[in-house]
Amino acid sequence: MTNTNMARAQLALGEEAIIEFNDVNKWYGDFHVLKNINFSIKKGERIVVCGPSGSGKSTMTRCINRLEEHQKGTILVDGVEMNDNLKNIEAIRKDVGMVFQHFNLFPHLTILENLTLAPIWVRKMPKKQAEEMAMHYLERVKIANQALKYPGQLSGGQQQRVAIARGLCMQPRIMLFDEPTSALDPEMIKEVLDVMVQLAEEGMTMVCVTHEMGFAKTVADRVVFMDAGEIVEANGPHEFFDNPQHDRTQNFLSQILNH
Amino acid sequence: MAIEFKPSPSLPPPVNSVGAVAWVRQNLLSSPLNIFLTLFSFYILYLLVPPVIEWGLVGATFTGASKADCTGDGACWAFIGVYFEQFMYGLYPSEETWRINLALILLVLLLGTYAVKTVNKLYLSLVILVVYPVIAYFLFAGGVFGLEVVETSLWGGLFLTTLLGVVGIVASFPLGVLLALGRQSKMPIAKSVCIVFIETIRAVPLITILFMASVMIPLFLPEGMNFNKLLRVLIGITLFSAAYMAEVIRGGLQAIPKGQYEAADAMGLTYWQSMILVILPQALKLVIPGIVNTFIGLFKDTTLVYIVGMFDLLGRIQAATHDANWLGMTIEGYAFAGFIYWAACFGMSRYSMRIERKLETGHKRN
Ligand SMILES: Nc1ncnc2c1ncn2[C@@H]1O[C@H](COP(=O)(O)OP(=O)(O)OP(=O)(O)O)[C@@H](O)[C@H]1O
Ligand SMILES: [Mg+2]
């Protein structure tokens with residue numbers, strides 16, 4: 001990583017960081033999947049993470065809510081260090097919503113029950129209030145009329161919008177997206193991206209792994225490029241797309257933009 | 001929520017593919033091989049069914065007080081009639097059998113209450129699982145409210161069979177769930193304990209366990225600490241089927257996609273919350289056929305208690321066939337036993353199919 005990029009990845013002093021990676025390393029057996037990740041994300045920032053398949057994007061994102069454990073370095077989320085302390089992990093997970101590539105809705109529960117599960121059991125919210133809130137978010141993702149169906153009865157795009165609403169129902173301070181549109185047909189991608197753009201405009205802190213470069217250009221504050229477990233480059237979208245610093249970034253961009 | 005989702009009904013199939021004739025043509029006569037198999041099956045039925053009907057119904061004697069009343073050349077169902085009370089209640093005193101009937105009626109009423117919409121299902125389940133067993137126990141055993149004490153050694157017949165089956169099923173299910181979760185857990189000690197338990201129990205025949213429970217355990221226990229044989233046998237049966245149950249349920253747990261565990265974790269659900277609310281409902285639904293299989297197996301395995309001198313339905317029937325006044329009634333006895341077991345197991349199987357259909361929530365996408 002060049003010095004200027006380093007400076008950009010590390011926030012200027014005084015800005016409030018909500019997520020901080022300090023020298024984070026992770027191995028799967030012998031395989032070094034995250035290498036010296038140093039990165040800070042400040043409150044309200046929208047980060048898009050891209051990079052070739054297998055570069056560690058998902059792994060890095062999932063370290064933020066400790067779906068994956070790192071072996072070296074520290075990750076601070078909202079000032080809380082992610083380590084073996086289960087109380088910390090559960091506390092952070094309340095504040096971090098996650099949207100998966102394959103939706104991961106609970107097929108045995110209705111859409112409404114999917115949304116109210118965590119508010120009721122984790123936030124201890126009364127059922128009625130949780131349902132009202134769930135309906136509010138379902139309306140925002142334009143799917144309120146499906147509230148009593150089961151996930152198996154919805155299209156992929158609808159399911160993913162439900163998944164986003166489910167994440168929002170925890171009223172999180174951070175939303176993580178791991179390739180939320182890559183399992184969807186093209187005509188459904190837009191409906192999901194629209195919801196995400198709207199969310200970004202409202203000032204949610206977002207970390208989004210995606211190959212939707214249009215999305216990155218319009219909403220990202222910074223675009224992070226990963227390759228082989230490293231953050232190669234992190235820059236504002238203009239500079240990132242118009243003037244990539246690194247050969248590997250240029251290569252990657254030329255590959256995904258020219259087809 | 002007042003709105004309710006109602007799937008619109010599917011359209012009926014095209015007209016030419018319905019009706020009895022079309023069904024016969026499609027399913028019985030679609031090819032030469034099929035025609036042959038159909039005819040062959042009818043021939044077998046022709047060989048079997050008429051003699052059975054002749055023996056069991058047409059030529060049978062249904063009433064009578066002794067073997068001499070059975071004059072027909074068919075079955076002598078009078079035998080079942082005479083011994084009926086013993087087959088149902090064992091040696092439980094005649095004038096006290098109303099207590100068993102009362103407990104049964106109570107159970108049916110309680111179960112029926114599930115159909116009432118306004119009843120809180122959680123409280124009802126607690127009543128059935130906690131309060132009812134206590135009431136039933138005191139009804140059966142007596143010793144309170146002026147009820148005469150009835151020793152458990154007198155309990156028998158279908159009553160004992162049902163008791164062993166129901167208690168075994170109800171107790172082994174939660175134990176099986178815990179064992180399955182333990183075997184999957186990341187805690188090394190809990191995990192090893194569960195593995196050792198499951199593998200040991202599965203490596204031993206039920207007869208051995210029953211024998212241990214009734215004969216060996218008392219030898220090891222200190223003097224005077226001897227507890228009821230029926231209870232020991234119940235514990236043995238429960239542990240035995242819990243081990244099988246655990247493996248069935250583990251299969252279900254493994255079939256749940258990793259994404260479900262992750263989504264539950266990512267929401268901040270605790271381990272027990274995510275198991276109870278997210279994973280187990282799906283896993284158990286997947287393995288309903290296996291669970292019912294284990295239940296049916298357990299229900300029939302309870303017949304092995306004759307090994308330790310308990311007379312369940314089959315035990316009572318066998319004993320009755322040795323009655324010098326009723327010699328030669330073996331076929332009637334076993335036919336009756338077979339029918340009762342068949343009805344119970346078939347009932348369980350149909351009921352499980354109904355539950356499976358009820359839990360169906362649209363085709364699986366992830
Ligand atoms: N549980 C695991 N055990 C071993 N290796 C793993 C495991 N999970 C991921 N990996 C490896 O770690 C690397 C990074 O995986 P990761 O899923 O983070 O990549 P990614 O950048 O998200 O890729 P994609 O764009 O394909 O989703 C890959 O090479 C993958 O093979
Ligand atoms: Mg990935």
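Reminder, nothing fancy here: chain letters follow the sequence lines and each chain counts from 1.
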**OP:** Using the side chain to side chain contact (heavy atoms under 4.5 Å, CB included) rule, take Arg62(A) and Glu262(B) through it: C-alpha gap first, then chi angles, then the decisive distance, then the call.
**Re:** CA-CA 10 Å; Arg62(A) 291 152 58 88; Glu262(B) 288 177 349; 2.5 Å; yes
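- In terms of non-hydrogen atom pairs under 4.5 Å with chain B, the most contact-rich of Leu117(A), Ile89(A), Leu176(A) is Leu117(A).
- By the neighbour-count criterion of 12 heavy atoms within 6.0 Å, atom NZ of Lys190(A) is sparsely surrounded, having that number or fewer from other residues, nucleotides or ligands.
- Looking at Arg66(A), neither its backbone nor its side chain comes within 4.5 Å of chain B, counting heavy atoms on both sides.
- Within 6.0 Å of CD1 in Ile189(B) there are 12 or fewer heavy atoms belonging to other residues, nucleotides or ligands.
- Heavy-atom distances place no part of Asn145(A) under 4.5 Å from chain B, backbone and side chain included.
- A distance of 9.5 Å separates NE2 of His108(A) from NZ of Lys285(B), quoted to the nearest 0.5 Å.
- Around atom CZ of Arg202(B), more than 12 heavy atoms belonging to other residues, nucleotides or ligands sit under 6.0 Å away.
- Separating the CZ atom in Phe106(A) from the CD1 atom in Ile256(B) is a distance of 11.5 Å, to the nearest 0.5 Å.
- Few gaps surround OH on Tyr114(B); more than 12 heavy atoms of other groups in view lie less than 6.0 Å from it.
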Table please: side-chain donor-acceptor pairs of residues 236-248 of chain B below 3.5 Å, with sequence neighbours left out.
residue	atom	partner	partner atom	Å
Thr238(B)	OG1	Leu234(B)	O	2.7
Ser241(B)	OG	Ser172(B)	OG	3.2
Ser241(B)	OG	Ile237(B)	O	3.4
Glu247(B)	OE1	Arg183(B)	NH1	3.4
Glu247(B)	OE1	Arg250(B)	NH2	2.9
Glu247(B)	OE2	Arg183(B)	NH1	2.9
Glu247(B)	OE2	Arg250(B)	NE	3.2

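- For Asn104(A) (side chain) and Gly259(B) (main-chain N/O), a donor-acceptor pair under 3.5 Å exists by modelled atom type.
- A distance of 9.0 Å separates CD in Glu90(A) from CG in Leu269(B), rounded to the nearest 0.5 Å.
- For the atom pair CE (Met98(A)) and CG (Asp265(B)), the distance works out to 11.5 Å, reported to the nearest 0.5 Å.
- In this structure, Tyr123(B) places its OH atom where only 12 or fewer heavy-atom neighbours from other residues, nucleotides or ligands lie under 6.0 Å away.
- Here the shortest heavy-atom pairing between Phe100(A) and Ala266(B) reads CZ-CB, 4.2 Å.
- A donor-acceptor pair under 3.5 Å is absent between the side-chain atoms of Gln260(B) and the main chain of Pro107(A), judged by distance alone.
- What you find for Trp121(A) and Gln273(B) is that their closest heavy atoms are O-NE2, 3.1 Å.
- Looking at Arg166(A) and Met267(B), their side chains come closer than 4.5 Å, going by heavy atoms from C-beta outward.
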